[in-house]
J.: 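Quick one: this structure, given as structure tokens, is what I'll be asking you about.
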Amino acid sequence: MEALIWDVDGTMAETEEVHREAFNHTFKEHGFEWEWSRSKYQDLLRVTGGVERITHFVRTERPGELPEDTMAATVKELHMAKTEHYVAAMERGDVPLRPGVERLMIEARDAGVRLAIATTTSAPNVEALLRSSPDSVRMDWFEVIGAGGVVPNKKPAPDIYDWTLTRLALPPQRCLALEDSRNGLDSATAAGIPTVVTTSSFTRKQDFAGALAVADSLGEVDAPMRMAVGDARGKPCISLALLRAWHATV
Ligand code: XBP
Ligand code: MG
């Protein structure tokens with residue numbers, strides 16, 4: 001196991017609530033009466049990518065509300081505004097990394113295990129999260145950052161993981177992916193990467209068949225994780241050693 005490839009939203013931090021608020025702020029600001037509740041957003045998260053999500057919502061729930069010939073441009077404009085609201089919210093710095101994320105990243109760095117990112121969200125959003133989080137993790141800890149539009153097909157397609165593997169110059173079986181959602185698990189698995197899932201507030205009830213292990217977080221000694229699938233060997237949190245042990249079974 002030579003590299004850990006991290007998903008961002010839901011895995012590194014509970015960011016989806018901030019995304020949801022940014023979408024709603026943008027719709028209101030642009031005069032649309034669209035309001036995504038938590039349960040509506042949970043459904044809409046089946047569609048990855050903010051542009052794709054807005055487009056899916058308009059086509060399925062507000063048919064005809066945007067003229068077909070200008071829909072792409074309008075959605076792109078809405079999404080750019082939403083990203084500005086998201087970055088501004090992040091810069092208020094009140095979104096910490098999830099339990100165990102900083103700890104595991106430091107363990108990996110100390111052991112010479114390479115770090116990379118493979119996310120559907122856009123690079124400015126990743127930068128805003130890492131720059132403003134109270135933790136010490138920074139963008140330059142990641143050798144490769146695969147974000148958003150660098151690939152044509154978003155998760156669950158494997159494109160973003162393939163893109164990241166190419167730039168790591170590693171075969172998938174030498175890596176391990178950390179994800180929070182079914183779409184993310186499918187994407188990493190389709191790229192051939194063994195994947196550990198830490199469920200997040202919007203993905204808790206999803207099915208994660210095919211994951212190497214499933215837990216409710218990476219855990220901390222004082223905040224032990226709860227395993228749903230996999231043997232934690234009596235450990236309170238998911239350490240690099242435990243990941244190596246699971247990875248060795250692949
Ligand atoms: C999660 C996503 C993203 C975010 C919103 O990405 O699917 O679309 O919900 O961010 P991941 P954008 O779990 O792969 O990090 O609006 O920038 O897409
Ligand atoms: Mg995610």
Side-chain angles (χ1 to χ4, degrees), residues 4-27 34 36 38 40-58 75-90 95 97-98 101 116-130 133 139 142 144-164 177-191 193 195-206 208 211 214-218:
L4 296 184
I5 307 178
W6 293 78
D7 166 52
V8 175
D9 294 307
T11 300
M12 278 195 200
E14 284 283 8
T15 53
E16 288 295 357
E17 184 55 18
V18 186
H19 282 299
R20 185 181 73 90
E21 286 162 5
F23 282 112
N24 286 334
H25 183 161
T26 303
F27 299 150
W34 314 335
W36 290 354
R38 282 185 177 73
K40 169 59 66 187
Y41 194 63
Q42 186 156 332
D43 293 343
L44 291 171
L45 274 171
R46 277 200 317 274
V47 179
T48 59
V51 166
E52 295 80 354
R53 192 167 301 141
I54 299 171
T55 306
H56 167 80
F57 169 76
V58 174
V75 170
K76 191 164 165 38
E77 186 199 335
L78 287 172
H79 191 249
M80 282 167 65
K82 173 263 173 184
T83 299
E84 281 172 33
H85 287 307
Y86 178 84
V87 168
M90 276 294 154
V95 180
L97 297 184
R98 292 188 66 190
V101 169
I117 285 175
T119 176
T120 306
T121 195
S122 47
N125 289 349
V126 182
E127 181 141 15
L129 169 68
L130 295 181
S133 97
M139 288 288 268
F142 302 92
V144 177
I145 298 180
V150 293
V151 291
N153 309 305
K154 292 191 166 67
K155 298 175 185 176
D159 300 38
I160 195 68
Y161 278 103
D162 289 338
W163 189 95
T164 303
L178 292 147
E179 271 285 353
D180 75 303
S181 69
R182 180 76 247 177
N183 277 330
L185 172 59
D186 286 346
S187 176
T189 304
I193 306 168
T195 304
V196 169
V197 171
T198 51
T199 59
S200 61
S201 57
F202 282 102
T203 67
R204 202 125 286 148
K205 298 192 181 64
Q206 292 179 356
F208 294 105
V214 181
D216 65 348
S217 86
L218 290 170

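Just so you know, ligand 1 is whichever comes first in the structure, and atom 1 is the first atom listed for that ligand. Counting begins at 1 with the first residue of the sequence.
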J.: Answer yes or no for Phe23: is there a heavy-atom contact with ligand 1 below 4.0 Å?
T.: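 True for this residue.
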J.: Keeping to distances under 2.8 Å, can you name the protein N/O/S atoms close to the Mg ion (ligand 2)?
T.: Asp7 OD2, Asp9 O, Asp180 OD1
J.: Of the backbone atoms (N, CA, C, O) and the side-chain heavy atoms from C-beta on, which set of Tyr41 has a member under 4.0 Å from an atom of ligand 1: side chain, backbone, both, or neither?
T.: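 Answer for Tyr41: side chain.
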J.: Do Asn183 and Thr48 pair up side chain to side chain, a donor and an acceptor below 3.5 Å, judged on atom types alone?
T.: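 No donor-acceptor contact under 3.5 Å links the two side chains.
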J.: Could a heavy atom of Lys154 be found less than 4.0 Å from some atom of ligand 1?
T.: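 The answer is no, since Lys154 has no heavy atom less than 4.0 Å from ligand 1.
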J.: Walk me through whether Lys155 and Asp7 qualify under salt bridge (charged side-chain N to carboxylate O under 4.0 Å, His left out).
T.: CA-CA 11 Å; Lys155 298 175 185 176; Asp7 166 52; 3.0 Å; yes
J.: Just by distance, with hydrogens left out, do Tyr161 and Glu179 show a side-chain donor and acceptor under 3.5 Å apart?
T.: yes
J.: Does any non-hydrogen side-chain atom of Phe142 lie less than 4.5 Å from one of Val126?
T.: no
J.: Test your reading of the model: is there a side-chain donor-acceptor pair from Ser181 to the backbone of Gly184, 3.5 Å cut-off?
T.: yes
J.: For the residue pair Ile54 and Trp36, establish whether any side-chain heavy-atom pair is separated by less than 4.5 Å.
T.: yes
J.: Are a donor atom and an acceptor atom from the side chains of Thr199 and Arg204 found within less than 3.5 Å of each other?
T.: yes
J.: Around atom 17 (O) of ligand 1, find the nearest protein heavy atom and jot down its residue, atom name and distance.
T.: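 Answer for atom 17 (O) of ligand 1: Thr121 OG1, 2.8 Å.
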J.: Look at the rings of Phe27 and Phe57 and say which category their plane angle falls in: under 30° parallel, 30 to 60° tilted, over 60° perpendicular.
T.: parallel
J.: Side chain or backbone of Asp7 under 4.0 Å from ligand 1, or both, or neither, by non-hydrogen atoms?
T.: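 Looking at Asp7 and ligand 1, just side chain atoms fall under 4.0 Å.
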J.: Would you call the rings of Tyr86 and His19 parallel, tilted or perpendicular, taking 30° and 60° as the class edges?
T.: parallel
J.: Only heavy atoms of Ser122, strictly under 4.0 Å: list the atoms of ligand 1 that pass.
T.: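 It comes down to these atoms of ligand 1: 17 (O).
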J.: For atom 15 (O) of ligand 1, what is the closest protein heavy atom, and at what distance to 0.1 Å?
T.: Thr119 OG1, 2.6 Å
J.: Please check if the side chain of Thr195 supplies one atom and the backbone of Ile193 the other of a donor-acceptor pair under 3.5 Å.
T.: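 Checking the backbone N and O of Ile193 against the side chain of Thr195, a donor-acceptor pair under 3.5 Å is found.
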J.: Pull out every atom of ligand 1 sitting under 4.0 Å from any heavy atom of Val8, numbered as shown with elements.
T.: 15 (O)
J.: Taking only heavy atoms of Gly49 into account, list the atoms of ligand 1 that are under 4.0 Å away from them.
T.: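 So the atoms of ligand 1 that pass are 7 (O), 8 (O), 18 (O).
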J.: Polar-atom distance check: Thr48 versus ligand 1, any N or O pair below 3.5 Å?
T.: no
J.: Return a yes/no value for Glu179: is any of its N or O atoms, backbone included, closer than 3.5 angstrom to an N or O of ligand 1?
T.: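 No.
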J.: Quick one: does Glu14's side chain have a donor or acceptor within less than 3.5 Å of a partner on Ser200's backbone?
T.: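 It does not hold such a pair.
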J.: Which atoms of ligand 1 have any heavy atom of Gly50 under 4.0 Å away?
T.: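 Those atoms are 8 (O), 12 (P), 16 (O), 18 (O).
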J.: Quick one: are Val101 and Trp6 in side-chain contact, heavy atoms under 4.5 Å?
T.: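 They are in side-chain contact.
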J.: Just jot down the ligand 1 atoms closer than 4.0 angstrom to any heavy atom of Arg53, in number order.
T.: 2 (C), 3 (C), 4 (C), 5 (C), 7 (O), 8 (O), 9 (O)
J.: Going by distance only, is there an N or O of Glu16 that falls short of 3.5 Å from an N or O of ligand 1?
T.: yes
J.: Using a 4.0 Å heavy-atom cut-off, which part of Asn125 comes near ligand 1: side chain, backbone, both, or neither?
T.: side chain
J.: Any side-chain to backbone donor/acceptor pair from Lys154 onto Thr121? Under 3.5 Å, distance only.
T.: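 It does not hold such a pair.
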J.: Is there a donor-acceptor pair under 3.5 Å between the side chain of Thr198 and the backbone N or O of Thr11?
T.: no
J.: So is Glu52 touching ligand 1 or not, going by heavy atoms under 4.0 Å?
T.: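 Judged by the 4.0 Å heavy-atom criterion, Glu52 does not count as contacting ligand 1.
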